[in-house]
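Here the structure is laid out as structure tokens; the discussion comes afterwards.
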Amino acid sequence: MSAQLRAAGAIAPVARRVGLRAVRQFHQFPTGGIQRADLAARDLRRSVQFPAKLYHNAVMVRNASFVRLLPKLAIKFVRIPALFGGLMLGAAGWVQYQAIQLGNSATEMYTNIKTGVTDTAFAIWGTATDIANQTKNGFNEKKGQFTMPEWLENIMKGEGAAGEGSGGPNGGREPPKQSRVAGGAAAAGASAAAYGYGAADEEDDRSPEEVVKDDHMMYITKRMIEIRNLLSRVGQSSSVTLPSIVVIGSQSSGKSSVLEAIVGHEFLPKGSNMITRRPIELTLVNDPQAKVDYGEFPDLGLARVTDFSLIQKTLTELNQSVPESQCVSDDPIRLTIHSPRVPDLSLIDLPGYIQVAGENQPRELKRKISELCDKYIRGPNIILAISAADTDLANSTALQASRRVDPRGERTIGVITKMDLVDPEKGAAILGDKQYPLRLGYVGVISKMPVQTGGLFRRESSNLLASINKNEKAFFNSHPEEFGPNSGAATGTITLRKKLMHVLEQQMSSKLTETTDAITRELEETTYQFKVQYNEQPMSAESYLAASLDDFKHQFHNFANTFGRQQLLELLKDSLDQKVLDQLAARYWNKPIEDLFIAPAEPDSLVDLPKADPKSPYWHRQLDTACSGLTRLGVGRLAATVASNAIQANIDKLLDKSSFAKHPSARQVISEAAALVLADRAYATSDGIEISLKPYKFDPDIQPNEWEKGREHVVGVLQGELEQCQNALKSLESSVGGRKKLREVMGFVDKARKGEIIIEGDHPSGAGGFSAALLARGREAVFLRDRADIINMRIVASKSRKCKSLENKYYCPEIFLDAVATKLAQTAVLFLNVEMLNDFYHRFPREVETKLNEYMNSHGGNGLEKFAREDPKIRRHLDLVQRKELLELVLMKIQDLHRFDAAGNVKADRDYLKKGRQQRGRWSF
């Protein structure tokens, strides 16, 4: 079977190469494809037969060779007993039979493979022939349907010649000519949907040359709007701005209806009160790839909102977020609408002008609206002045505002709404008005649908533009003398769309050279600052986080190398030393005082301990109780707590020294990650320590060397406690007015304890001429003095000859308890080091990365950028880098537009049509 697979493996690549060769030869030489296919099939049959024959011959040779060996084997077997000879001959015959069967199988496999590969080759050839025939027929059919202008045919012929000169037909991997024509056909109707012909069911009467010119204009406008959006992110000066269309008008002038007619959807806020309180920066994107119309709020992170009622609700809420006392705000709302049926436009909708402020509105509202509009209607923006037909143009607030900033009317388009509310003669006179001339002229529209009564103006489709266009045509066509083709009046929403597209493209193109020069200057300045301030060092939020994390991990690695078992032992021993002192104080040092001024009863004074009977049950019981209290206080939990607190404190110190100190939220995430890892092992660690310490809870076996070390160590512990007592006593002296005053109070307390002075009760006003607060300080001073005397006495006892021997442990409880505490600490640390410390060193770095990643993702796509900008120094660096990159990108796009326009609309149109309108929609910055 392995031989069969090898034969099939040898044949498959041959079949694939021959099939591909047949298809390639057909594409390169279509006229002689049949003959070349026959040659390819013949080569395939030879290639298939050659390896199969080799395999068949090899099997037959092996069979013949084995047969020739049989006589020799028979002669040799004569010398062997007949029984063994018969067995060997039988085995040889069986082997011979199997060899013959194998040869027959190989022959059959050869025949099957030959037949299969031959059929596959002819199937590939047949498929290639069908594809070529269909492509050729499709080309002829499209060629008959589409008539190209002469200049376009010259372009296509010139491109074909260029393709042949670069290596023959398709030698430069140019697409087939039929695909170019198909792309041209697609692009030829690209602007029709943007103008609204498809939606309005209106005939497109443009010539092919005008169609291509309009598509060329749409491409430039789209690129310029995208460049404008990039410039808005740069934070540039006014010298590098590109124009937008600013929509102004008084309230109830039909401003919102005009915008909705241009977009084709009802999406703007509606209401009787003042609804528009913030500028709405509306960007329309002609997107042929969009199957449904949708909007995006980039500042809010809302993408692909297909429900325009939701867009309307969002705009209403954003406008109502402005307090009524303020009424207007200059903080813009940015909205982008994608649709294959809208033109590429950049519009700004502003609050409507008012004449008188309402009762609940601030008096300065009129002035605020005027100042806000004046901010946007300054050059180079285009002004779309909305006025109602039933209002005298002399009283139009929009025209008055535009004349202040554009007195010659060079960048103002007048839009007259509600044309159906006035007589046709008056409407025509308004559109041809000479008293307030505008170079860009006036356009009359009926943007709002009339009330549906009697089914006269029913919408036949859900498309708003189609309904409005039908209503406009019904009105304007009924008055041909005033609004007909020969009247010179511009009417209809589709006409307004065309004008806006052409005017915006012209204004942007006129600013192209000026913008290029301004951006070049700003880019040179930004590059210089980048070189001077940061030595051209790149910076990004990702690289900053990676560098900060690497630096913290390096510090953590150094901490892990220096903090181990010995450090844990020292920390745990210090905590147990305090527990030893607590046991000593409870069992030996504290005097049983019934009251402040009652002399204590001391059945067995610590002063008498060195002289006490070694078999005294009292002192034996005291030491056993103190030892039991020490071993049963919960050393496991204490050890886990001490280790966790020490590690957490060191992590916090590392964070304070790292760059995360400037990022409170991220610092808290890392600190919580450390606490989480430690808490995860705390219970298991403490439980394991308690199990390991069980033997010491009943009989702590102390060795002589451990006793000697405890004797040396406990003297230092006692001296540290003595020093704290003395420092506390000095602090009391300074708080009561000096040592002399404190001694007077202490003397009074001593006399009261000895019974020399009788005090009845504890008076709030004090006693003996001392205030209650002063007496409290005196009591504390007496306690500290007595404790210091006891500690001094025990230090002397620990150093005495009697405490050198372990046998005298009942005379020296401090040394014995210290030795037990050391034994407990050493045993607990062994478990701590394995179960908690090593586990923490392994898990913590991974947990930090996981938690930081979750933290960054929890803030959407801005988490990383927000983190980096918390550091003022990094924020300035990022701003400069991003400004430089954006300026470079804008300059590159503008230079591309220069090259596109400088080609004389020949080479540029050829590339544009070749890519087709479908490909244009995918270009983005």
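- Annotation for Pro279 and Ser329: closest pair CD-O, 3.1 Å, computed over non-hydrogen atoms.
- Looking at Asn319, its side chain does come within 3.5 Å of a backbone N or O of Arg277 through a donor-acceptor pair.
- For the residue pair His557/Asn561, the side-chain donor-acceptor check at 3.5 Å is satisfied.
- Shown here for Ala819 and Ile702, the closest heavy-atom pair between the two residues is CB-CG2, 3.9 Å.
- Put simply, the side chain of Pro700 reaches to within 4.5 Å of the side chain of Cys627, judged on heavy atoms.
- Taking 4.5 Å as the limit, some side-chain heavy atom of Val881 sits within range of a side-chain heavy atom of Glu885.
- Checked by atom type and distance alone, the side chain of His877 pairs as donor or acceptor with a backbone atom of Gln537 at under 3.5 Å.
- Side chain of Thr526 to backbone of Leu523: no donor-acceptor contact under 3.5 angstrom is found.
- The two residues Ala639 and Leu572 make their nearest non-hydrogen contact at CA-CD1, 3.7 Å.
- A heavy-atom distance below 4.5 Å is not found between the side chains of Asp330 and Tyr376.
- No side-chain donor-acceptor contact under 3.5 Å links Glu723 and Gln719.
- Of the N and O atoms on the side chains of Gln578 and Asp574, not one donor lies less than 3.5 Å from an acceptor on the other residue.
- A donor-acceptor pair under 3.5 Å is formed between the side chain of Thr314 and the backbone N or O of Leu310.
- Residues Tyr544 and His663 place their aromatic rings such that the two centres sit under 6.0 Å apart.
- Between the CZ atom of Phe563 and the CD1 atom of Ile647 there is a distance of 5.5 Å, given to the nearest 0.5 Å.
- Applying the 6.0 Å contact sphere to NZ of Lys553 captures more than 12 heavy atoms from other residues, nucleotides or ligands.
- A distance-only check finds a donor-acceptor pair linking the side chain of Asn645 to the backbone of Thr641 [under 3.5 Å].
- Side-chain atoms of Gln895 do not come within 3.5 Å of backbone N or O of Met892 as any donor-acceptor pair.
- Using a 4.5 Å cut-off on side-chain heavy atoms (C-beta onward), Val580 and Val717 make no contact.
- In terms of modelled atom types and a separation under 3.5 Å, the side chain of Gln648 and the main chain of Ser671 share a donor-acceptor contact.
- The 12-atom threshold is not exceeded at OH of Tyr683, counting heavy atoms of other residues, nucleotides or ligands nearer than 6.0 Å.
- Contacts of Glu281 classified as salt bridge (Lys or Arg N to Asp or Glu O under 4.0 Å), with partners at least two apart in sequence or in another chain: Arg334.
- No donor-acceptor distance shorter than 3.5 angstrom exists from the side chain of Asn833 to the backbone of Val829, with no hydrogens or angles considered.
- In the displayed structure, Arg869 atom CZ is contacted under 6.0 Å by more than 12 heavy atoms of other residues, nucleotides or ligands.
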For this session: Dump the intermediate steps for side chain to side chain contact (heavy atoms under 4.5 Å, CB included) on Leu889 and Lys893, then the final yes or no.
Result: CA-CA 6 Å; Leu889 179 60; Lys893 299 304 179 183; 3.6 Å; yes
For this session: Go through the steps for Ile691 and Phe831 under the test side chain to side chain contact (heavy atoms under 4.5 Å, CB included), then give the verdict.
Result: CA-CA 10 Å; Ile691 294 174; Phe831 208 85; over 6 Å; no
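- Comment: Lys573 engages Asp818 in a salt bridge, judged by a side-chain N to carboxylate O separation of less than 4.0 angstrom.
- By the side-chain hydrogen bond (donor to acceptor under 3.5 Å, both in side chains) test, Arg278 pairs with Asp331, sequence neighbours left out.
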For this session: May I have the step-by-step check of side chain to side chain contact (heavy atoms under 4.5 Å, CB included) for Thr685 and Asp839, ending in yes or no?
Result: CA-CA 11 Å; Thr685 302; Asp839 179 78; over 6 Å; no
Exercise. Could you walk me through whether Ile225 and Thr221 pass the side chain to side chain contact (heavy atoms under 4.5 Å, CB included) check?
Worked result: CA-CA 6 Å; Ile225 289 176; Thr221 305; 3.9 Å; yes
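- At a threshold of 4.5 Å between non-hydrogen side-chain atoms, the residues Leu335 and Phe267 count as touching.
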For this session: Could you walk me through whether Glu226 and Arg223 pass salt bridge (charged side-chain N to carboxylate O under 4.0 Å, His left out), step by step?
Result: CA-CA 5 Å; Glu226 291 174 346; Arg223 302 280 80 80; 2.8 Å; yes
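- Annotation: the span from Ile311 atom CD1 to Asp293 atom CG amounts to 9.5 Å, rounded to 0.5 Å.
- Although no hydrogens or angles enter the test, the distance criterion places no donor-acceptor pair under 3.5 Å between the side chain of Thr827 and the main chain of Leu824.
- For Gln826 and Glu706, the side-chain atoms include no donor-acceptor pair closer than 3.5 Å.
- Glu522 places a side-chain heavy atom less than 4.5 Å from the side chain of Arg883.
- The shortest distance between side-chain heavy atoms of Leu676 and Glu672 does not fall below 4.5 Å.
- Heavy atoms of other residues, nucleotides or ligands lying less than 6.0 angstrom from NZ of Lys709 number 12 at most.
- Annotation: cation-pi geometry satisfied between Arg304 and Tyr294 (NZ/CZ under 6.0 angstrom from ring centroid, within 45° of ring axis).
- When all heavy atoms are compared, the tightest approach of Ser548 to Phe660 is O-CE1, 3.6 Å.
- In this structure a side-chain-to-backbone donor-acceptor pair under 3.5 Å is present from Asn650 to Ala646.
- Between the CD1 atom of Ile670 and the OG atom of Ser658 there is a distance of 6.5 Å, given to the nearest 0.5 Å.
- Rounding to the nearest 0.5 angstrom, the gap separating the CD1 atom in Ile227 from the NZ atom in Lys222 is 13.0 Å.
- Residues Leu693 and Ile689 form a side-chain contact, since some pair of their non-hydrogen atoms from C-beta on lies under 4.5 Å apart.
- Atom CG of Leu569 sits about 8.0 Å away from atom OG1 of Thr822, to the nearest 0.5 Å.
- Note on Arg681 versus Glu835: salt bridge recorded, some NZ/NE/NH1/NH2 to OD/OE distance being below 4.0 Å.
- For the atom pair CG (Leu852) and CZ (Phe867), the distance works out to 7.0 Å, reported to the nearest 0.5 Å.
- Using a 4.0 Å cut-off between a side-chain N of Lys or Arg and a carboxylate O of Asp or Glu, Asp656 and Arg667 qualify as a salt bridge.
- Note: Tyr534 and Phe530 have tilted aromatic rings, judged against thresholds of 30 and 60 degrees for the angle between ring planes.
- The two residues Glu690 and Val635 have their closest heavy-atom pair at OE2-N, 3.1 Å.
- Atom CZ of Arg565 sits in a sparse spot, with 12 or fewer heavy atoms from other residues, nucleotides or ligands closer than 6.0 Å.
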For this session: Could you go through the side-chain hydrogen bond (donor to acceptor under 3.5 Å, both in side chains) check for Asn853 and Glu849 one step at a time?
Result: CA-CA 6 Å; Asn853 187 41; Glu849 293 182 356; over 6 Å; no
